[in-house]
Asker: 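Sending over a structure as structure tokens; questions will come in a sec.
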2 protein chains.
Amino acid sequence: MSHTLGIRQAQKQKTRQALLDAALGLLEEQSLSSLGLREVTRAVGVAPTAFYRHFRSTADLGTALVEEALGSLHPMIRTTVSTADDSEERIARAVELIARHVDAYPAHVRFIARERHGGVQPVRDAIREQLARFGQEVKDELAKDPESAGWSDDDLLMLANLYVDQMLITASLFLEAQEATPQERDRVIQVATRQMRLISIGRHHWLD
Amino acid sequence: MSHTLGIRQAQKQKTRQALLDAALGLLEEQSLSSLGLREVTRAVGVAPTAFYRHFRSTADLGTALVEEALGSLHPMIRTTVSTADDSEERIARAVELIARHVDAYPAHVRFIARERHGGVQPVRDAIREQLARFGQEVKDELAKDPESAGWSDDDLLMLANLYVDQMLITASLFLEAQEATPQERDRVIQVATRQMRLISIGRHHWLD
DNA sequence: CCATGCAGTAAACAACTGTTCTCTGGAATT
DNA sequence: AATTCCAGAGAACAGTTGTTTACTGCATGG
């Protein structure tokens, strides 16, 4: 599908990715609104002016990071919600999936948690849009479940967003526990699992 | 109780408060890690060096803001959770209380939401500590409720933290809807109410 | 009433920022 | 083979930053 692009474009994308990676690293200890463009280029080893060949501003780079962090996550979410297991096992699977994702991409998770309410509006908007998509997709999967019979569209979306928020909270908990003891991590797993379970119980008795 | 303090101390606290207020204002459009101390003093109209008479750094000022934003909120939370009404009415009361608080102190709410996962560790820690206190207090109130019979301590705390997180999510939603149309605000009220209700239902059937 | 303490001032510091302009080497196109 | 294009370099710009040092004026306590 992807028409192999010339040496020219390849190098460009390489530098672009280097800028994104460097920025993501720097953002572990600060927030986007304090990230300087010179700081990023210095970390990569290119001239400050090279930055403009790829991004208009650090805010622009931020929205690109949002795409990188969340864009490829949609299929994963869909399949996780839709697998028609026993509810209890599905919860365990989801929690472990989140744990693995946080371990694999901690900087991405931190970035999203930090900039969701951060000081740069375009980035906040980009994150909100992605999360809204997640909400819709979760809702679509929930709608297929027999248990959703009799539910209004509004209520399904309400529940879907509750799940999405809960996933973010859980991811953030795993992030905090990342450098803690294994038993602390286990405690996070337990808490996250039970909170999900409680929500699922509420879902089950919603129409009573 | 408070021994009336002299002209000296009074003036000092006045400038200190002015610094806090100015910082809170500036933080509406950026995050703490990008807030400059000169920026703050300029907004107040004092010399940059005056800043050091009150705070070691902007991070220090940040933790003071955490105290200001959350410190006085504990009694309010306690009474809201403890009032032994019908569950449905209690939810409505809580949601409206959050709405009023966001209207009264939008900058405080934004600050907490932003810096909870922000780039300044001491501030993150201060917020986490306050939220943990909220969790404990909510748990204490829940424990008094007859419905909590048979619940383990861990599960009560798990539920309490779920409530606390839900309050923050709701506050953040109200913040976003603050400059939106009234019907958008009503939609937020509806969603928040139903999410709380679903959690309460889950709570009710937890021991099944 | 006088000496001390201390909130706030003023100036200077090296280091840093985003942005503009001009230039260059090599890939891409013809 | 000749030409165009463009990612990146380099230098310079006016402003900004945090922090130090020495100071001033006034409320405070003896």
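All of these numbers come straight from a predicted model, not from anything done at the bench. Note on naming: letters A, B, ... go to the chains in the order of the sequence lines (proteins, then strands), and numbering restarts at 1 for each one.
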Asker: Does atom CZ (A:R197) have a neighbourhood of more than 12 heavy atoms from anything else shown, all under 6.0 Å?
Answerer: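 More than 12 within 6.0 Å, yes.
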Asker: Between A:D155 and A:R203, is there a salt bridge with N-O shorter than 4.0 Å?
Answerer: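 Here A:R203 does not pair with A:D155 in a salt bridge, since their nearest N and O are not under 4.0 Å apart.
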Asker: For residues 45-62 of chain B, tabulate all N or O donor-acceptor pairs below 3.5 Å that involve a side-chain atom, not counting sequence neighbours.
Answerer:
| residue | atom | partner | partner atom | Å |
| --- | --- | --- | --- | --- |
| B:S57 | OG | B:A59 | N | 3.4 |
| B:S57 | OG | B:D60 | N | 3.3 |
| B:D60 | OD2 | B:R56 | N | 3.1 |

Asker: For A:A160, what residues pass the side-chain contact (heavy atoms from CB on, under 4.5 Å) criterion, not counting sequence neighbours?
Answerer: A:V138, A:K139, A:L142
Asker: Could you go over nucleotides 25-28 of chain C and give all protein N or O partners under 3.5 Å, atom names and distances?
Answerer:
| residue | atom | partner | partner atom | Å |
| --- | --- | --- | --- | --- |
| C:dG26 | N2 | A:R8 | NH1 | 3.1 |
| C:dA28 | OP1 | A:I7 | N | 3.0 |
| C:dA28 | OP1 | A:R8 | N | 3.1 |

Asker: Using a heavy-atom cut-off of 4.0 Å to chain A, what are the terminal contacting nucleotides of DNA chain D, in 5' to 3' order?
Answerer: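 For DNA chain D, the relevant span reads D:dC5 to D:dA12.
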Asker: In terms of side-chain geometry, is the basic nitrogen of A:K144 or A:E141 positioned less than 4.0 Å from the acidic oxygen of its partner?
Answerer: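 A salt bridge links A:K144 with A:E141.
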Asker: Any side-chain heavy-atom pair from B:L162 and B:D165 closer than 4.5 angstrom?
Answerer: no
Asker: Are more than 12 heavy atoms, taken from residues, nucleotides or ligands other than B:E129, located less than 6.0 Å from that residue's CD atom?
Answerer: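 No - once you tally the heavy atoms of other residues, nucleotides and ligands closer than 6.0 Å, there are 12 at most.
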Asker: B:E115: which residues meet the side chain to side chain donor-acceptor pair (under 3.5 Å) condition with it, sequence neighbours left out?
Answerer: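 Not a single residue meets the side chain to side chain donor-acceptor pair (under 3.5 Å) criterion with B:E115.
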Asker: Can you tell me which stems DNA chain D forms when a stem means 3 or more consecutive Watson-Crick or G-U pairs under 3.5 Å?
Answerer: C:1-12 with D:19-30, C:14-17 with D:14-17, C:19-27 with D:4-12
Asker: Can you sort out the partners of A:E89 under salt bridge (Lys or Arg N to Asp or Glu O under 4.0 Å), two or more places apart, ordered by chain and number?
Answerer: A:R93
Asker: Starting at CD1 of B:I112, measure out to CG of B:L70 and round the result to the nearest 0.5 Å.
Answerer: 4.0 Å
Asker: Would you please name every residue forming a salt bridge (Lys or Arg N to Asp or Glu O under 4.0 Å) with A:D125, sequence neighbours left out?
Answerer: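 A:D125 satisfies salt bridge (Lys or Arg N to Asp or Glu O under 4.0 Å) with A:R128 only.
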Asker: Just to verify, what does B:E68 make a salt bridge (Lys or Arg N to Asp or Glu O under 4.0 Å) with, not counting sequence neighbours?
Answerer: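 Applying salt bridge (Lys or Arg N to Asp or Glu O under 4.0 Å) to B:E68 gives none.
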Asker: Keeping B:R90 on the side-chain end and B:V81 on the backbone end, is there a donor-acceptor pair under 3.5 Å?
Answerer: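 Yes, B:R90 side chain to B:V81 backbone: donor-acceptor pair under 3.5 Å.
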Asker: What string of B, S and - do you get for nucleotides 13-23 of chain C, 5' to 3', when a contact is any protein heavy atom under 4.0 Å?
Answerer: ----SBBBB--
Asker: Counting heavy atoms not belonging to A:Q17, are there more than 12 under 6.0 Å from its CD?
Answerer: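 Yes, enclosed.
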Asker: Look at all strands and tell whether B:A50 reaches a base, only sugar-phosphate, or nothing, counting heavy atoms closer than 4.0 Å.
Answerer: base
Asker: Under 4.0 Å from any atom of DNA chain C, heavy atoms only: list the residues of residues 12-20 of chain B that qualify, in numerical order.
Answerer: B:K12, B:T15
Asker: What pairs with A:D140 under salt bridge (Lys or Arg N to Asp or Glu O under 4.0 Å), at least two apart in sequence or on another chain?
Answerer: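 Testing A:D140 for salt bridge (Lys or Arg N to Asp or Glu O under 4.0 Å), a comparison that skips the adjacent residues, returns A:R78.
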